[in-house]
Every structure is written in C-alpha cells, then in structure tokens.
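Just below is one structure, and these are the notes that go with it.
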Amino acid sequence: MSEFIPSFNDKLIEKKWQEIWYNNKYFNAFDDSEKEKYYSLVEFPYPSGAGMHIGHIRAYLSLDVISRKRRMEGKNVLFPIGFDAFGLPTENYAIKNQIHPRIITDNNIKTFINQLKSAGFSFDFSRMIDTTDPDYYRWTQWIFLKMYEHGLVYKDIAYVNFCPSCKVVLSNEESQGGKCDRCDSDVVQMEKPVWFLKITDYAEKLLDGLDELESNQRIKLEQQKWIGRSKGAYIKFPISCSDKTLKVFTTRPDTIYGATFMVIAPEHPYIEAFKERIININEVEAYQEQAKLKTEFERIELAKDKTGVEIKGIKAINPVNGKAIPIFISDYVMITYGTGAIMAVPAHDTRDYEFAKKYNLEIVEVIKGGDITKEAYTNTEEGVLVNSPLINGLKVSDALNKITNYLVENKIGEEAKQYRMKDWAFNRQRYWGEPIPIIYCDKCGIVPVPYEDLPVTLPMVEKFIPTDTGESPLANIDSFVNCKCPKCGGQAKRETDTMPQWAGSSWYYLRYMDPHNNKELASREKMEYWGQVDWYNGGMEHVTRHLIYSRFWNQFLYDIGVVVNKEPYKKRTAQGIILGSDNEKMSKSRGNVVNPMEIIDEYGADTLRTFSLFISDYEMATPWNDLGLKGARRFLDKIWRMFPNVKTGDNYSKDLERSIHETIKGVSEDLENLKFNTAIAKLMTLVNEYNKKDELTTSDYEVLLRLLNPIAPHVTEELWEMLGHETLLVYETYPEYDEKKLVKDEIEMVISINGKLRDKVLVDASITKKELEKLAVESKKIISHLEGKQIVKIIVVPQKLVNIVVK
RNA sequence: GCGGGCGUGGCGAAAUUGGCAGACGCGCUAGACUUAGGAUCUAGUUCUUAGGAGUGCAGGUUCAAGUCCUGUCGCCCGCACCA
C-alpha cells in the first residue's frame, strides 16, 4: 500500500463512487421486488438556468439520507426525481434570447442532472420525468379531460387577477397581497373568459383528508386556513315592493335582530336589476366606477377608511321583525365571497360598527356584555341575547340553534358553509405550458379533444411573443389554431391558452411509479404496489398551493377509480430555509447567495452534505456560515485518519461498547425525526471517543461507517472498500443496538441543596433510596453547606438526583 | 387585526419534555510538533469581585423552571374588510 495521506481526496473518491453507483444503477427501484416497498419523494425542481441552489441540497438531503437508510434496512426504495419544467422564466428567457424553450429546458435539465449526481443523491435516474415532455403532459391533458367529463371544469367570464407585466391571468394563490408572485407588479382585476376547476367541490374532502396526513400541526393548519371553511346560514331579506329577496351569508344568524342595514358589493347584480327604482343611480354608479379602479390591493390597504353610498329607493325587510332597513353599496363587501351581500350588525362586528358610525346608522345591541357606545362587542361566546324577541335570554350557542331552526322552518334561510378557497382559475395566456385540450366549433360549441387524439402538442415555432390583448402567443400560430372539429369535421379553432405551472406537478408522484407507460398514466398494478408516498418533503411555501392541488387531483382520480388511495401522501415534512450569512433571504441582489457547486468543488460533496444537515434543526430557518464547513470536513478527515489504527476484531472494543449502542440508538431515532443536526453531533462524540484510543476493532470502525454512510456516502464507501469488502456499503445492513448493552452499572448522581448543584457522586445503579439519602447527607461538600441549616426534606429522583431542602 | 413559530455564550446551536444550562461544531487563547498543511495534537473557552449571577423583560407555580402559568417587548412566517 502506498503512503497513507491524512486527508482524503474528495474529488477522486466522489467521482469514483458516483460512477459506480450511477453506471450500475444501484439506486434503481424494482417494480417486482419481494422486499417491502418504501416511496420517498422530494418536490421536483424547476430547472432554472441558474442551476442548483443550496436550498435544493437541503430539501433533498433529508430524504436522501432516509432513502439510503431504508435500503440498508432491506426496503425496495423508490426515490425518484424529475423536472417541473414549464414556466415563465424559461419562456421569458426564450423570448429575450430568441432560443426555443425546448432547447433551454433540455440544457438546464442536463446541468441539473450533473449537479444532482455530483452531490451524490441516490435518485433513481431511470424514472426521470419532465412535465414538458408530450409523453408526460399527454396525461396531464387526459386528467383535465376526465375532470371536464365529470363536470369539474367550467368556463366563465370572471373578474380575474391579471398581471399587466407578465400579461397573464393569475390564481389567487399567485397574487397574494395584490402582487404578482413572479414579478411583484401590482395585479389588476380584469374581466376575462376563464377555465375553472371546481376545487371547491372537494373542500370538505380536502379538510377531512388532513386527519390521515402525518405532519406537524403547522402544515395542517395552513391548509385548513387556506380552505377556510365557515359554518353559518344563508338568510333571505325581502326587498320592499318587490318579489325579490337579498340573500346574505352570515356566521352569526343569532344576531339578526341587530341587523340595522345591509351592504352589497359594488359588483352586485341587484344594482342593475333595480336600476329603475334607484333614485340616486348616478351616485351609485359613480361609486361602482371608482371601486373598479382600485386594485384588490388598494381595497385592502384602504381598509381603515370605509366608504359607501346608500342605495335610495329600495329597502330590505328584516325577516324576523319586519323592519325596513337601508341598503348600502360598499367595497368592504367582496363579490367573490359568500353572496356578495351582508346583513350588517354594527353592535357586534367591528367593520359594520365603523361603517355605522361614519354614516350615522342605528346600532342595536343584541348580546349583553360589552359597551357598544365605545366599540363593537365581538367576543361574545359568554354573552346572553337581548332585544331579540324569539331568543331573548339565551346563550349564544342556544340562540344560534333556535334561530337557525326558525329560519329553516319559515323558509327564510338555510344552513350553509362558505369557503375562503375559490375555484381554481386554470388557464394562462402563455406559450410554455400544457395546451388545454379544447376545440371551439361554430356548430358544436365547446368540444373536448377526444382522448385518442392526445397529446395536443405545442408547436415548435421560431418566434413567439405574448400578445398585448392578453391572448396566448399560440393564438398567432395558425397551424396550431386551425383544426377540424372532432364532432362534425368542420373547420374549428383550438383553445390557445395553456395550463398553469401547477398542473404538471399535481400528479407527478403517480408517474414515477410507471414513467414509461404509453397506455395509461400509470398501471393499476404498479400503483397498487407502490401505494401512497410514504414520506414527502418539500418547502413550506408549497403547503397551500401545490399540496392542496395535488391532493385534489388525487382525490378526483380516486373517485373515478383511477388511483388506489384517497390521499396521495402519508407523511409530509418541510425543511427550514437556509438564509444568507447576513441572516437575510438569499438573493442575487443582496449578493448573499451560496453556490453549492463551489462548495463541492472546494470541500467535496460529503462535507457539503454533512454540514448542511449539521447547521441547525432541519425544520428551522438558519443563516449559512462558510467557516462551519471546515468543521464538517475536519470530522470526516478524522474518520479517514483512524483507518491505520483499525485492527481485525469481530467485536466492539469493551470500553466502547456502551457508547456504540447508545450512538446507534440515538442516531437512528434522530434521523427518523429529522434531527440530523443532533445525529451528526452524536457521531462526532463517538469519533472523539474513538480518537482517544490507539487501536480500534474492525467492528468498531465499520459500525461508524455504516451509521455515517447515509450522510456522507462517498468517503464511507471508500473506507469500506479499503477494509477489504467487495460488496458496496450502499446495501449493507444498518446497525442495530442491543437494549441490554445500554444499561449502566454505575450512575453519576447529582446532589443539590434547594435546587442548587453542590456535589456529584458515582453510585452503583442498584443503590436504594435510603442509602442514597445517607450518602448525600454525609458528603463532605454537602456537610459544609448544611452548617447551621435545618433539613426540611430530601427528594430523590431515581437515576438522576438528590435534592436536599433546607431552611 | 387573526393564526403559528422563535428569542439561550463572540457565532451556528443542544438540553432525554419539569431534574447537572450551553452537548456538538465554528471562532478564539495557550502549548506541542513541524511532514508549513485546507495542517494535526493537547489543554482551556457563559459572565464573574470565587461568593455567586445567568436562557428577551417583569411577575407567579414548584423541593426544582430555558421548559409550566400570567403579563410584556422584539423578530420571523402564513392569512387578511371572509361577513
């Protein structure tokens, strides 16, 4: 053997093992294995031109470690990767540089694959998918058509969020706070024909399914909040001298006697309907115009300042007491929620209170407990109803029941649920997305593309530019637009809008099970074998969008008998983001971006892997720290340098035995609980212990290599080979601990006085309580502290401490 | 405004869920060895008047509080005129 070098050559070793693993397909999953399956999934990346980010590394590492551990535990592991490649950055880059997005995408994917491999991720690269591949998006389109077939797709003219800069319609999810998710421009409201997916039909199922999901509370809460269910009632208020009623939604029908006026949204259809009777129609229409000009963001920003106009000429009749009350138009009521109209109860709602104060409207207290001369009394759980003939003296919960029954019996109202979540606006006016498989025929109307004609492929054209009218660039491509009607064979035109970014990712976990199937999205047999995703890790930012969308698609596919499980994911976790070393979010403009490839170049993939997991609790956001990398590298080098001290031996060294079993237990548990940082700390502690010895047995050394392998796979694999093994560590067994070996015969007990540490003693594990007390009181250190004091009592906590309470 | 989380050395962080605060790592200090390396090894490293004090701040419960309770300040994330 040549001279032993005290620091390993990461470049050589890592390249060597990556070639062995990937060329021999060591990480490929088997569809026909006898072994128990394990499906671990990470959110597939968008292959941006910038290549891999440190965030990708951290996001994928957790399940790479788990997947590697599972293989060692004898599982048939499916740990796939793919690319969510449709999207605006690629299209924008394509337009700017006159390169087709196909070419850009292919190049970016190549870069990504190389980068993923250089980090040593144990993905099954044979199952790679690309959402922009017609063989893939054929099935995205297929699912859309299935939804259409089942009445979950509809077209409507609607006010949509439109980004004037990206020239694209945005979903609510993409336009939070009135800003475009991508370019941060102010979003405007635009009336457009929109394809909607009826996700609200699945609101209840999406809520129920959360019970089965294994995740932390935050992940469930954010989804619950997003769906935003409110239980309450619809109530119909008759309109004076008319057979029409104004329907409102309220969560508090018990406060109906306090309803002193009504408010409708500026877009409410009754303004048009009662145009003839409205005396101040000019004033009302002027208000409507003004409201339209405000972006949604402005409407929220100006929230403090309530504005409105009374609609003169019509009144609403409170159906429980027959009182005629005024109707106002105001933009604090949204047309998109509930019925676009409310009964205002100023005494018990802060917004209504504000409005009533401003316009000098009557405020009637119906729940006792607050002081409505000062502010609205809203925290009414303990309150008692007053001024409400039918329900006076009742507690709120009883009043709610009684009044609801009354409303239902008298056909004034009905129980109802409302959701914050709205139907999913599903079309985009862009080129680089899945074409929506719909054809418009003058004779037959809207005709879905027949299943056998899928996929509707994107045409490869030289130039495409977004149109100013908000139409897709596809609209300019005649060869795409013009087609035959599948029903009558006549001239027809294709839908030119494409699907949103979220489409392809809504079912990709299914495709991995059977990625090359050209007959079905995946075969039933394979879906039965692979079942649910056992563990899905991704970003917190996708918990409300992608996670809900994909759960919705899966539930739909389950309902029509295509997939096997109601819920796609068994367990979901989310990594904390890595901030720049300045504790700010990484961004090019701040110049605090860490490039993982540079780190691999300088320190090697094993060091990057170890450090990214060691830096902090996996679920918390943490600033990056370049210097810390050295520590990770030092740790790996220490293990490397131990190699010459390893002597043959089939058992653990006696004095290390307990530490080894403790470490095995601790590390395994930590890895399962996402506590990678403490798992690595425990391995470091063990290594420090090893380092105090001149000699180690091969068993001592190998157990360390096996424990560390999922985290630092290259260097451990190399050392494994150096030990003379001919098989790979990748499929070696994961160490197990022996409970009996954890038992200590001697325990260090703490002796404290009034809770303050005063002494420590080493005692036999079998010591009795009495003996301990005696020992404690007789300790020299303790005696000196007890001088002149009186012992009140002694508390003994077995295995831990003795506390002497003195006066 | 509502919901969730966080606040611990010079820094990143641990703390078996109420029982030795600061594991592990970075950095720093001193020494050793020089194969001058991305070194390595050894010792030390919360503060401090050596008695203590100490987990954002102020109280409380307890034999015992970073951990539980009440109040308060600061930061982060999500939602936001949702009726």
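By convention in this document, chain letters (A, B, ...) are assigned in the order of the sequence lines, proteins followed by strands, and residues within each chain are numbered from 1.
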Among residues at least two apart in sequence or on other chains, which ones pass side chain to side chain contact (heavy atoms under 4.5 Å, CB included) with [X]?
X	answer
Val777(A)	Leu786(A), Ile791(A), Ile794(A)
Thr685(A)	none
Arg634(A)	Lys630(A)

Hey, are [Y] and [X] close enough side-chain-wise for a donor-acceptor pair under 3.5 Å?
X	Y	value
Asn677(A)	Ser616(A)	no
Gln418(A)	Tyr234(A)	yes
Asn537(A)	Thr573(A)	yes
Asp352(A)	Tyr332(A)	yes
His542(A)	Glu43(A)	yes

Could you tell me the separation between the [atom1] atom of [X] and the [atom2] atom of [N], rounded to a whole number of Å?
X	N	atom1	atom2	result
Ile791(A)	C63(B)	CD1	P	17 Å
Lys306(A)	G1(B)	NZ	C1'	11 Å
Lys417(A)	C82(B)	NZ	P	21 Å
Lys675(A)	U17(B)	NZ	P	14 Å
Leu683(A)	A14(B)	CG	C1'	15 Å
Phe676(A)	A14(B)	CZ	P	14 Å
Tyr353(A)	G1(B)	OH	C1'	17 Å
Leu742(A)	U16(B)	CG	C1'	13 Å

How far, in whole Å, is [M] from [N] if one measures between their [atom1] atoms?
N	M	atom1	value
C68(B)	G78(B)	C1'	27 Å
A21(B)	A83(B)	P	49 Å
C24(B)	G31(B)	P	25 Å
U34(B)	G27(B)	C1'	24 Å
C26(B)	C76(B)	C1'	24 Å
C57(B)	G10(B)	P	14 Å
G60(B)	G25(B)	C1'	37 Å
A65(B)	A58(B)	P	16 Å

What are the atom names and distances for every N/O pair under 3.5 Å that joins the protein to nucleotides 43-47 of chain B?
none

How is [X] classified with respect to the nucleic acid when contacts are heavy atoms under 4.0 Å: base, sugar-phosphate, or nothing?
X	value
Asp637(A)	nothing
Asp759(A)	nothing
Gln217(A)	nothing
Glu541(A)	nothing
Ile795(A)	base

With sequence neighbours left out, write down each residue that passes side chain to side chain donor-acceptor pair (under 3.5 Å) with [X], or none if nothing qualifies.
X	value
Lys693(A)	Asp655(A)
Arg351(A)	Asp349(A)
Lys247(A)	none
Asn688(A)	Lys638(A)

Test: Lys682(A) and Glu689(A) ion pair at under 4.0 Å
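Result for this pair is no, no salt bridge flagged.
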Any salt bridge linking Glu414(A) with Lys236(A)? Criterion: basic side-chain nitrogen under 4.0 Å from a carboxylate oxygen.
no
Closest-nucleotide ordering on RNA chain B, the 5'-leading residue of Tyr618(A) and Lys692(A):
Tyr618(A)
Between Gly755(A) and Lys585(A), which has a closest nucleotide on RNA chain B that is more 5'?
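Mapping each residue to its closest nucleotide by heavy atoms, the 5'-most match is Gly755(A).
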Less than 4.5 Å apart, side chain to side chain, heavy atoms only: is that true for Trp624(A) and Asn592(A)?
no
If you define the side chain from C-beta out and look only at heavy atoms, does anything of Met540(A) sit under 4.5 Å from Arg218(A)?
yes
Where along residues 796-806 of chain A does a heavy atom fall under 4.0 Å from RNA chain B?
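Val797(A), Lys800(A), Leu801(A), Asn803(A), Val805(A) - these, ordered by number, are the residues of the stretch whose heavy atoms sit under 4.0 Å from the strand.
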Output one letter per nucleotide in nucleotides 22-30 of chain B: B when a protein non-hydrogen atom lies under 4.0 Å from the base, S when only the sugar-phosphate is that close, - when neither is.
-BBSSS---
Within 45 degrees of the ring normal and closer than 6.0 Å to the centroid, is that where the cationic atom of Arg633(A) sits relative to Phe611(A)?
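No cation-pi geometry.
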Would you kindly check if the NZ (Lys) or CZ (Arg) of Lys306(A) is within the cone defined by 45 degrees around the ring axis of Phe355(A) and under 6.0 Å from the six-membered ring centre?
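Not satisfied by the 6.0 Å and 45° rule.
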Using Watson-Crick and G-U wobble pairs with both distances under 3.5 Å, what is the 5'-to-3' dot-bracket string of RNA chain B, with [ ] for crossing pairs and | for pairs outside the strand?
(((((((..(((......[....)))((((((.......))))))((....))..(((((..]....))))))))))))....
Looking at CZ of Arg590(A) and CD of Glu584(A), how far apart are the two atoms once the value is rounded to the nearest 0.5 Å?
4.5 Å
Should G12(B) be called syn or anti, with syn set as within 90° of 0?
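The base of G12(B) is oriented anti (glycosidic angle more than 90° from 0).
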Anti or syn, where syn is a glycosidic angle within 90° of 0; which label fits U17(B)?
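With its glycosidic angle within 90° of zero, U17(B) counts as syn.
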N or O in side chain of Arg758(A) less than 4.0 angstrom from G52(B) OP1/OP2:
yes
Strictly below 4.0 Å: does Ser230(A) bring a side-chain N or O up to OP1 or OP2 of A83(B)?
yes
For nucleotides 3-8 of chain B, print each protein N/O atom paired with a nucleotide N/O atom at under 3.5 Å, atom names and distance only.
none

